[in-house]
Amino acid sequence: MATMFERYGGFATVSKVVMAFYDKALDSDVIGVYFENVEMPALIDHQTKFISQVMGGPASFSDDVLERVHAPLKINGAAFDEMLSVLQETLEDFDMAEPDINTILGELRARRSRVVHA
Ligand code: HEM
């Protein structure tokens, strides 16, 4: 069975999704501020890992790493929810099938306690 990552065209597609997600995230009143002092390459790296991993792609990272990276950022529940809705909007813009979008959002929701620390 092909992963979602393969079915949607691998890194070529993910990089387009990443750019679109990145624009929306920076524009957001709720989460834009978290990314203000983050280096651009780190941000793009973040988004690429973020999207590839949840599509079953190769760029994997452990829940412990997620915890360690986000703990100092003091991300609250509202910011987490906003991140998910920005991502949902982006995936819809790319005409992904609803069950696939739900799989991706479910993967992220399952890691909420690793990311939210405020
Ligand atoms: C389940 C949801 C999330 C996942 C899977 C995720 C994943 C990641 C990953 C893989 C990294 C890079 C780690 C590395 O350095 O290798 C990262 C960094 C980061 N994340 Fe997330 N993230 C999530 C949610 C969020 C949310 C909700 C915010 C803010 C609203 C956020 C803000 C950041 C920032 C600012 C960095 C960069 C930290 C730095 O480089 O100084 N993340 N995230």
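Atoms within a ligand are numbered from 1 in the order they appear, just like the ligands themselves. In this chain, numbering begins with 1 at the start of the sequence shown. Quick note: numbers below take in every heavy atom, side chains included, and nothing from hydrogens, waters or symmetry partners.
- In the hydrophobic clustering of this structure, Leu108 does not group with Val65; members are Ile, Leu, Val, Met, Phe, Trp, Tyr whose side-chain heavy atoms approach within less than 4.5 Å, directly or through other members.
- Regarding atom 22 (N) of ligand 1, its nearest protein heavy-atom neighbour is His70 NE2, 2.8 Å.
- Applying the side-chain contact (heavy atoms from CB on, under 4.5 Å) test between Met4 and each of Ile101, Asp100, Val54 identifies Asp100 as the sole match.
- Any N or O atom pair closer than 3.5 Å counts here, and Lys49 shares at least one such pair with ligand 1.
- Atom 19 (C) of ligand 1 has its closest protein heavy atom at His46 CD2, 3.4 Å.
- At distances below 3.5 Å, at least one donor-acceptor pair connects side-chain atoms of Ser85 with backbone N or O atoms of Glu82.
- At a threshold of 4.5 Å between non-hydrogen side-chain atoms, the residues Leu87 and Ile51 count as touching.
- Note that atom 16 (O) of ligand 1 has protein non-hydrogen atoms nearby, at separations under 4.0 angstrom.
- At a heavy-atom distance under 4.0 Å, no atom of Gln53 approaches ligand 1.
- Looking from atom 28 (C) of ligand 1 to the surrounding protein, the closest heavy atom is Ile75 CD1, 3.3 Å.
- If you check which protein heavy atom lies closest to atom 3 (C) of ligand 1, you get Phe50 CE1, 3.0 Å.
- Separation of atoms CE (Met83) and CD1 (Ile31) is listed at 5.0 Å; rounding is to 0.5 Å.
- Counting protein heavy atoms only, atom 27 (C) of ligand 1 is closest to Met83 CB, 3.7 Å.
- The shortest N or O to N or O distance between Tyr34 and ligand 1 is not under 3.5 Å.
- The protein heavy atom nearest to atom 7 (C) of ligand 1 is Leu66 CD2, 3.3 Å.
- Taking a cut-off of under 4.0 Å to the non-hydrogen atoms of Phe80, the atoms of ligand 1 that pass are 1 (C), 2 (C), 27 (C).
- For the atom pair CD of Gln53 and CG of Leu66, the computed distance is 7.5 Å after rounding to the nearest 0.5 Å.
- We find that Asp64 and Arg68 are not joined by a salt bridge, their nearest charged nitrogen and carboxylate oxygen being 4.0 Å or further apart.
- Per-residue contacts place Val38 under 4.0 angstrom from the following atoms of ligand 1 (heavy atoms of the residue considered): 35 (C).
- Side-chain contact check for Val69 versus His46: every heavy-atom pair is 4.5 Å or farther apart.
- The closest protein non-hydrogen atom to atom 24 (C) of ligand 1 is Val115 CG1, 3.6 Å.
- Remark: Met55 CE to Glu107 CD distance equals 12.0 Å, nearest 0.5 Å.
- Checked against the 6.0 Å centroid threshold, Phe21 and Phe50 count as a close aromatic pair.
- Taking hydrophobic clusters as Ile, Leu, Val, Met, Phe, Trp and Tyr residues chained together by side-chain heavy-atom distances below 4.5 Å, Val38 shares a cluster with Phe80.
- Not one N or O of Asp45 is nearer than 3.5 Å to an N or O of ligand 1, by distance alone.
- Here Val65 has no heavy atoms under 4.0 Å from ligand 1, in either its backbone or its side chain.
- Those atoms of ligand 1 that come under 4.0 Å of a heavy atom in Ile31, given as number and element, are 30 (C).
- The residue among Leu87, Val69, Val33 with a heavy atom at the shortest distance from atom 38 (C) of ligand 1 is Val69.
- The side chain of Leu73, and not its backbone, has at least one atom closer than 4.0 Å to an atom of ligand 1 (non-hydrogen atoms only; side chain from C-beta on).
- Put simply, CG on Leu43 and CD on Glu36 are 11.5 Å apart, with the number rounded to the nearest 0.5 Å.
- At a heavy-atom cutoff of 4.0 Å, ligand 1 is contacted by both the backbone and the side chain of Leu108.
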